[in-house]
Amino acid sequence: VDGAAFLKIPTGSPRVQALGNNGVSLVEGGEAMNVNPAGIASAQMREASFSYLSWIQDYSGQYMSYVHPIGQSVIGVNLAYYGIKDFDVRDAEGKPQYGEDVKVRNGYASLSIAKGFFMEKFLVGVSAKEVLEDNYTTEYKNLVFDLGAVLRLGRKLSLGWSGQNMSGKKHQVVKVTRLGGAFAFNPFVTLALEQKTYSDRKGRLGGGVELNLPEELLQVGRVSLRAGYSRRLGEC
């Protein structure tokens, strides 16, 4: 099993999480950095975001990002810090032990740059990311790189690819490859399909649907309903 498995979580992108961890061809702006760095090329103005993650088994933390257009390019930075504390620590005989000092810390910081070509039809991006994994007994720090691309074919179809956590030390950082597409039937309904490949387990195939309620009916801005699912390849 490879380390830094927390990098599989699409932190910073509630949209991708709601779509079942699918959306490599859809994600845009600051929330794209941890899914597909090419997506930040679509940012037209400066953006800042903050999110709090409460995951299973008391795993929680914070994510922050900022993107800034400069000329024809967009740069972005993000920072994430997550962990678990208050472990139930026991000795070999099962007796409870003092566990206040037993903590797990995970985090990363990234610097990304992306650019659009051919009237924003083709987007490319790259990130340099420093990853920290501290499991109390051992601490790892690794510099890894993310690459990504998005191809927009007309107004309805988009294709996306990203390779995450490349060039890390063997088995210390899990590598993730995403390949997917999205089709907008109309301004209100979008379908996304995606395959994810991991270096430490079987890949996953999944999809999601996004429903955008008409703004003229709401008169309070935009409201979207999303649902998605991913299944391990080879499952019945």
Side-chain angles (χ1 to χ4, degrees), residues 1-14 16-17 21 23-24 27-43 46-55 58-70 73-85 101-115 123-150 160-178 196-201:
V1 178
D2 289 353
F6 68 95
L7 293 173
K8 298 176 184 177
I9 304 173
T11 55
S13 181
V16 172
Q17 290 186 36
N21 196 4
V24 67
V27 68
E28 298 178 339
E31 67 173 338
M33 268 184 281
N34 199 40
V35 178
N36 186 350
I40 71 171
S42 62
R46 290 174 289 181
E47 299 179 14
S49 67
F50 172 83
S51 62
Y52 175 81
L53 175 73
S54 180
W55 209 249
D58 297 324
Y59 186 74
S60 62
Q62 300 82 36
Y63 173 91
M64 296 175 287
S65 70
Y66 175 74
V67 297
H68 191 121
I70 298 179
S73 302
V74 179
I75 62 171
V77 293
N78 66 4
L79 176 66
Y81 182 84
Y82 303 100
I84 308 173
K85 57 183 180 180
D101 296 332
V102 181
K103 296 180 175 66
V104 169
R105 303 181 303 140
N106 298 322
Y108 59 86
S110 306
L111 173 63
S112 305
I113 184 169
K115 187 174 182 178
L123 313 178
V124 294
V126 60
S127 297
K129 180 165 57 182
E130 181 76 9
V131 179
L132 164 70
E133 182 175 35
D134 182 0
N135 59 11
Y136 182 67
T137 58
T138 307
E139 179 179 312
Y140 299 105
K141 290 183 179 179
N142 289 281
L143 177 64
V144 298
F145 299 91
D146 298 347
L147 298 174
V150 175
W161 170 88
S162 70
Q164 300 175 276
N165 313 321
M166 295 182 287
S167 299
K169 294 182 180 179
K170 188 175 182 180
H171 301 308
Q172 287 191 10
V173 181
V174 63
K175 296 175 178 61
V176 184
T177 302
R178 294 171 175 264
K196 291 171 286 294
T197 303
Y198 304 107
S199 60
D200 67 340
R201 62 188 296 181

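Remark: the backbone N or O of Lys115 is not paired with any side-chain donor or acceptor of Ser73 at under 3.5 angstrom. Here the side chain of Ser199 pairs a donor or acceptor atom with the backbone of Lys175 at under 3.5 angstrom.
The salt bridge (charged side-chain N to carboxylate O under 4.0 Å, His left out) search around Lys8 returns Asp200, not counting sequence neighbours. Remark: Tyr81 engages no residue in a ring pair (Phe, Tyr, Trp, His ring centres under 6.0 Å) (not counting sequence neighbours). Listed by chain and residue number, nothing satisfies the side-chain hydrogen bond (donor to acceptor under 3.5 Å, both in side chains) test with Thr197 (two or more places apart in sequence, or in another chain). In this structure Glu28 satisfies the salt bridge (charged side-chain N to carboxylate O under 4.0 Å, His left out) test together with Arg152, sequence neighbours excluded. With sequence neighbours left out, the side-chain contact (heavy atoms from CB on, under 4.5 Å) criterion links Ile75 to His68, Ile70, Ile113.
Residues Val35 and Arg178 form a side-chain contact, since some pair of their non-hydrogen atoms from C-beta on lies under 4.5 Å apart.
Contact detail for Ser60 and Ser54: the closest heavy-atom pair is CB-CA, 4.2 Å. The two residues Pro10 and Asn21 make their nearest non-hydrogen contact at CG-OD1, 3.4 Å.
Residue Tyr108 forms a side-chain contact (heavy atoms from CB on, under 4.5 Å) with just one option from Asn34, Leu79, Val173, Val144, and that option is Asn34.
To the nearest 0.5 Å, the span separating OH on Tyr66 from CD on Glu47 amounts to 10.0 Å. A distance of 5.5 Å separates CZ in Phe6 from OH in Tyr59, rounded to the nearest 0.5 Å.
Within 6.0 Å of atom CZ in Arg46, 12 or fewer heavy atoms from other residues, nucleotides or ligands are found, so the atom counts as exposed in its surroundings.
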Could you go through residues 124-131 and list every donor-acceptor pair under 3.5 Å that involves a side-chain atom there, pairing it with any protein atom two or more places apart or in another chain?
| from | atom 1 | to | atom 2 | distance (Å) |
| --- | --- | --- | --- | --- |
| Ser127 | OG | Ser112 | OG | 2.4 |
| Lys129 | NZ | Asp146 | OD2 | 3.1 |
| Lys129 | NZ | Asn165 | OD1 | 2.9 |

